[in-house]
Structures are given as structure tokens and as C-alpha cells.
Amino acid sequence: MKANVFRSPGQFAIEEVERPRAGAGEAVIRVTLTTICGTDLHIVRGEYPVAPGRIIGHEPVGVIEELGPGVNGYAVGDRVLVGAITPCGQCHACLSGHTSQCGHGHGHEALGGWRLGNTMQGSQAQYLLVPSAQANLAKIPAELRDEQVVLLADIASTGISGAESGGVRVGDAVVVFAQGPIGLCATAGARLMGASLVIGVDGDDHRLRVARRMGADVVLDYRSQDVVAEVKRLTGGGADVAIEALGTQATFEAALRCLRPGGTLSSLGVYSGKLSLPYDAFAAGLGDHRIVTTLCPGGKERMRRLMSLVQSGRLDLAPLLTHSYALDDIQEAYALFGDRRDGVIKVAIRP
Ligand SMILES: NC(=O)c1ccc[n+]([C@@H]2O[C@H](COP(=O)([O-])OP(=O)(O)OC[C@H]3O[C@@H](n4cnc5c(N)ncnc54)[C@H](O)[C@@H]3O)[C@@H](O)[C@H]2O)c1
Ligand SMILES: [Zn+2]
Ligand SMILES: [Zn+2]
């Protein structure tokens, strides 16, 4: 089969590799649609380490090709969505409700649920081996097209979880820092959770326009505005929930400074180096603030719930899937996505 294989930083290409076979508890799907994640850019640039020979990609939609022994209730030919995170559903972490930190039959493992395109072969390929298939194959309702569900695997699950983990309540004021793919889904999530004011922050005119389409009532451009002062003014003293969807000191700190006492900072960004917490930004530790982090929730029940939002018309991710490429042209897709050219938000990849 053809697959996008990582060799070393800057070196990745379509190669001919062996097709996977399903063992006990596993399934093989023929991938019909996938996409490229910002994390894949970190991988090909050598900023996140994966083994040479790794097939990249963790956002698969496909058709079941082969079912291993012990996978019940599915048939070859079923259309399925598989989350970026594939928990086993049986380990201590999963059974404690921390499925993204899955320990695969044993304890807890930080980020352990993220296997596809990380510690196992990924989805930018013609076929994909799905681990713990019974917990991870989510059947796609017949009326939904692949394009309507592919972004649920990762960015929508992650973005929406930013609002859920932040405990957004009906009538809340929510500010979302950065309107990249994840932040745009967090904006949609805040709206879904019942916020009455959603403020989207970015520095890209096109993305600020898309933020309005995804549910932002107000958009702020950090290049030309004092975002913290403006959020305090708009909310009459501070946001109930601030969602951080970039992973920098500047946005983390600004998110904290936007909160009212008792507010929650819900962090989705991936940080590097040191993150510091200025005492005045959180009332010297006495402001009843909460800081929570979340890794993308996966598993078939999460995917079913997200698909039901699309099915009922409450969530429409179509504005985010801006470009489409054949698997053979994936280098071109990485270049466009990486340079953020031509108003790109997410690219569809067709194996
Ligand atoms: N928690 C998870 O499970 C999870 C999953 C996937 C990705 N992530 C992380 O989420 C973050 C966002 O990913 P993405 O793909 O949406 O990012 P992206 O790089 O595509 O978008 C980032 C956006 O931030 C904007 N920006 C830059 N500086 C800003 C500032 N000072 N204030 C406001 N906006 C600013 C840019 O204009 C851009 O639109 C990354 O750190 C990524 O690694 C987390
Ligand atoms: Zn991802
Ligand atoms: Zn597990």
C-alpha cells in the first residue's frame, strides 16, 4: 500500500509499504479520508520525536476491510470514524475515566492514548490498523459524508473539550485565545455549552472572520488591541472561562489575566520550555481560580456523540475543511498547511 512515511526531520514521502493485517481485537480499515494536524507539522520538522519509518496521521475515516478475532458487532464494509486517541477501555487509566492517558491493559501513561501516527502506524495511508477496535470503531450514520466527520477525530474533539473541561455554564462569558483549527472548535464548543458571550482572539484577519462563523460574538485582534483590557470591559470584570489554544507564555498569561475571580483557565495548547505564573495574574493564589488541561478525548462513544451534533445540525465543520489533495500530493498539502497559505485551515487527504 501507499503511505506517508517519516524518515528524519524534513524527510518524509509517499512510500510503498506492507499492508497491515488484523490480529485479535484489532481491525484494518481502508482509509477513505484523512487530514494533516498541526502536530504532524511538528513531527516532520523534528520538533516532536517519532521513530524513523513511522507512517504519520491520526485522523482517519474509512471502511472496515478486515476484523480480527474478538471484535463483535461490526461487518466488513461498515463506514467508520476512528478518534485520534484510541483508548483500550480496560486499563486503570481508562476505567478511572482518563481514557486519553490509557496505559494499555496496565496503569496510566501520560499521552498513552495517542498511538496512531505516534507509537503505531498512522492514517496517511491506504490502510490503517485500528488497535482496541471494539472501543474505537465508531459507525458513521449513512446520511453523513466523510467530509462532515473527519475533523471530529481530533480538532473538534479537542476544541470542544476545552469548553467542557472549563465547565462552561449557561450564560457564561468565554474568551478563546487563538483561532487556529483547535481554537475555532473551542469557540464552537463554548457556544454549544451555552455561553452567552464568546470572544475569539487571533491576529489573522481570515481566521477572525471564520471565528464569527463558528460562533464568536466578538473577535479581537491581538496585534492592534489590548485584549485583556477589552475582555474585562466586555465582560464587566472578567471572563468566566478562558480557553488557551496556542501553547505560548503570552497567551497562557493573557488568558489568566482575563479571568474573573473564581474563573477557569482551560488549557489546550502544547507548551515547550518553562511556563511561569505571575502572582498578580491569579490573585497571589487566592482568587479561587482553576487551571485545567485536556488531551483530545477519543473512543467510539466520544465520536458517536460528536457525530450526533453534526447530524442534528448543531455543529457544522464544513468552513474548516478548506482544501483537498490526493495522498500522492501530500507533500504539497504539507507545504500549504505549514505556510498557512491561501486561507487554509484544514486539508482533506484522499488515499
Ligand atoms: N490538547 C490537545 O489534545 C491538542 C491536540 C492537538 C493540538 N493541540 C495544540 O493546540 C494548539 C493549537 O493548535 P492549532 O493547530 O489550532 O494551531 P495553529 O498553529 O494552526 O493556529 C494557531 C493560531 O494562533 C494564532 N496566534 C498566534 N499568536 C497569537 C497570539 N499571541 N494571540 C492569539 N492568537 C495567536 C495564529 O494566528 C493562528 O491562527 C497547539 O499548541 C497544538 O499543539 C493540542
Ligand atoms: Zn492532532
Ligand atoms: Zn486503556
Side-chain angles (χ1 to χ4, degrees), residues 34-43 47-48 56-60 83-109 111-118 122-123 131-132 135-136 151 153-162 165 175-187 199-208 210-211 219-223 225 227-228 243-255 266-272 292-299 320 337-340 343-346:
T34 185
T35 173
I36 303 174
C37 176
T39 307
D40 300 333
L41 294 175
H42 292 303
I43 291 173
E47 295 157 0
Y48 180 90
I56 311 168
H58 50 261
E59 299 159 282
I85 303 294
T86 50
C88 74
Q90 301 185 356
C91 69
H92 295 292
C94 284
L95 294 171
S96 303
H98 301 292
T99 52
S100 298
Q101 317 300 332
C102 174
H104 314 296
H106 303 291
H108 296 65
E109 184 187 330
L111 267 70
W114 177 33
R115 307 183 76 184
L116 301 181
N118 180 25
S123 62
S132 306
N136 288 297
L151 301 183
D154 185 2
I155 65 159
S157 187
T158 302
I160 292 171
S161 78
S165 298
V175 57
V176 183
F177 279 86
Q179 297 294 304
I182 304 274
L184 287 165
C185 290
T187 293
I199 305 166
V201 185
D202 205 288
D204 176 312
D205 296 326
H206 173 65
R207 292 188 169 190
L208 289 172
V210 180
V219 294
L220 300 177
D221 187 335
Y222 75 90
R223 295 169 305 179
Q225 284 168 291
V227 171
V228 174
I243 301 175
E244 201 288 342
L246 184 60
T248 65
Q249 175 69 37
T251 43
F252 182 88
E253 196 172 320
S266 177
S267 169
L268 295 172
V270 177
Y271 305 87
S272 54
V292 295
T293 67
T294 316
L295 173 61
C296 174
L320 306 189
F337 184 64
D339 297 345
R340 255 189 250 152
V344 66
I345 297 182
K346 290 286 276 186

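All ligand and atom numbering here is 1-based and tracks the order in the structure. All values below come from the heavy atoms of this structure, side chains included, with hydrogens, waters and symmetry mates left out. Position 1 is the first residue of the sequence; numbering continues from there. Note that the structure is predicted; figures quoted are calculated from it, not measured.
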side-chain hydrogen bond (donor to acceptor under 3.5 Å, both in side chains) evaluation trace for H58 with N118: CA-CA 8 Å; H58 50 261; N118 180 25; over 6 Å; no
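- When all heavy atoms are compared, the tightest approach of L208 to L220 is CD2-O, 3.7 Å.
- Within ligand 1, the atoms closer than 4.0 Å to a non-hydrogen atom of L295 are 3 (O), numbered from 1 in the order shown.
- Distances from the Zn ion (ligand 2) to each N, O or S atom of D154 single out OD2 as the nearest.
- Looking only at protein heavy atoms, the nearest one to atom 42 (C) of ligand 1 is V270 CG2, 4.1 Å.
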Stepwise side chain to side chain contact (heavy atoms under 4.5 Å, CB included) check, T99 with I85: CA-CA 8 Å; T99 52; I85 303 294; 5.8 Å; no
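- Side chain of S267 to main chain of E244: no donor-acceptor pair is present (N/O by atom type, distance under 3.5 Å, no hydrogens or angles).
- Judged by the shortest distance from any of its heavy atoms, P181 lies inside the 4.0 Å radius around the atoms of ligand 1.
- The Zn ion (ligand 3) has an N, O or S atom of C88 closer than 2.8 Å.
- When all heavy atoms of G89 and L95 are compared, the pair lying nearest together is O-CD2, 3.7 Å.
- Residue contact check: R340 has heavy atoms under 4.0 Å from atoms 19 (O), 36 (C), 37 (O), 38 (C) of ligand 1.
- In the vicinity of R207, heavy-atom distances shorter than 4.0 Å reach the ligand 1 atoms 20 (O), 21 (O), 38 (C), 39 (O).
- When only non-hydrogen protein atoms are considered, atom 7 (C) of ligand 1 lies nearest to I182 CD1, 3.6 Å.
- Although no hydrogens or angles enter the test, the distance criterion places no donor-acceptor pair under 3.5 Å between the side chain of S266 and the main chain of V292.
- Angle SG (C37) to the Zn ion (ligand 2) to NE2 (H58): 110°, rounded to 10°.
- Looking at ligand 1, you won't find any N or O of F177 less than 3.5 Å from one of its N or O atoms.
- Under a 3.5 Å cut-off, the side chain of S157 and the backbone N or O of A153 do not form any donor-acceptor pair.
- Counting only distance, with no hydrogens or angles, the side chain of S161 and the backbone of T158 share a donor-acceptor pair below 3.5 Å.
- Ring pair Y48/W114 is tilted by interplanar angle, where 30° to 60° counts as tilted.
- Here atom 11 (C) of ligand 1 lies nearest to A245 when heavy atoms of S157, S165, A245 are compared.
- Residue T158 touches ligand 1 through its side chain alone, judged by heavy-atom distances below 4.0 Å.
- Taking a 6.0 Å sphere around NE2 of H108, one finds it holds more than 12 heavy atoms contributed by other residues, nucleotides or ligands.
- Looking at ligand 1, you'll find an N or O of L268 within less than 3.5 Å of one of its N or O atoms.
- At a 3.5 angstrom cut-off on N or O pairs, C37 does not count as close to ligand 1.
- Side-chain N or O atoms of S100 include none that pairs as donor or acceptor with a backbone N or O of G113 at under 3.5 Å.
- Taking 2.8 Å as the criterion, H104 does not count as a coordinating residue of the Zn ion (ligand 3), since none of its N, O or S atoms falls below it.
- Heavy-atom proximity to atom 39 (O) of ligand 1, evaluated over D204, D202, I85, is greatest for D202.
- At least one heavy atom of Y222 sits closer than 4.0 Å to an atom of ligand 1.
- Looking at ligand 1, you'll find an N or O of T294 within less than 3.5 Å of one of its N or O atoms.
- Near T251, meaning under 4.0 Å from one of its heavy atoms, ligand 1 places the atoms 30 (C), 31 (N), 32 (N).
- For ligand 1, the atoms lying closer than 4.0 Å to a non-hydrogen atom of C296 are 2 (C), 3 (O).
- Between the choices I36, L246, D154, the shortest heavy-atom distance to atom 41 (O) of ligand 1 belongs to L246.
- Using modelled atom types, no side-chain atom of Q101 and backbone atom of G103 make a donor-acceptor pair closer than 3.5 Å.
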R115/C102 under side chain to side chain contact (heavy atoms under 4.5 Å, CB included): CA gap, chis, key distance, verdict: CA-CA 10 Å; R115 307 183 76 184; C102 174; over 6 Å; no
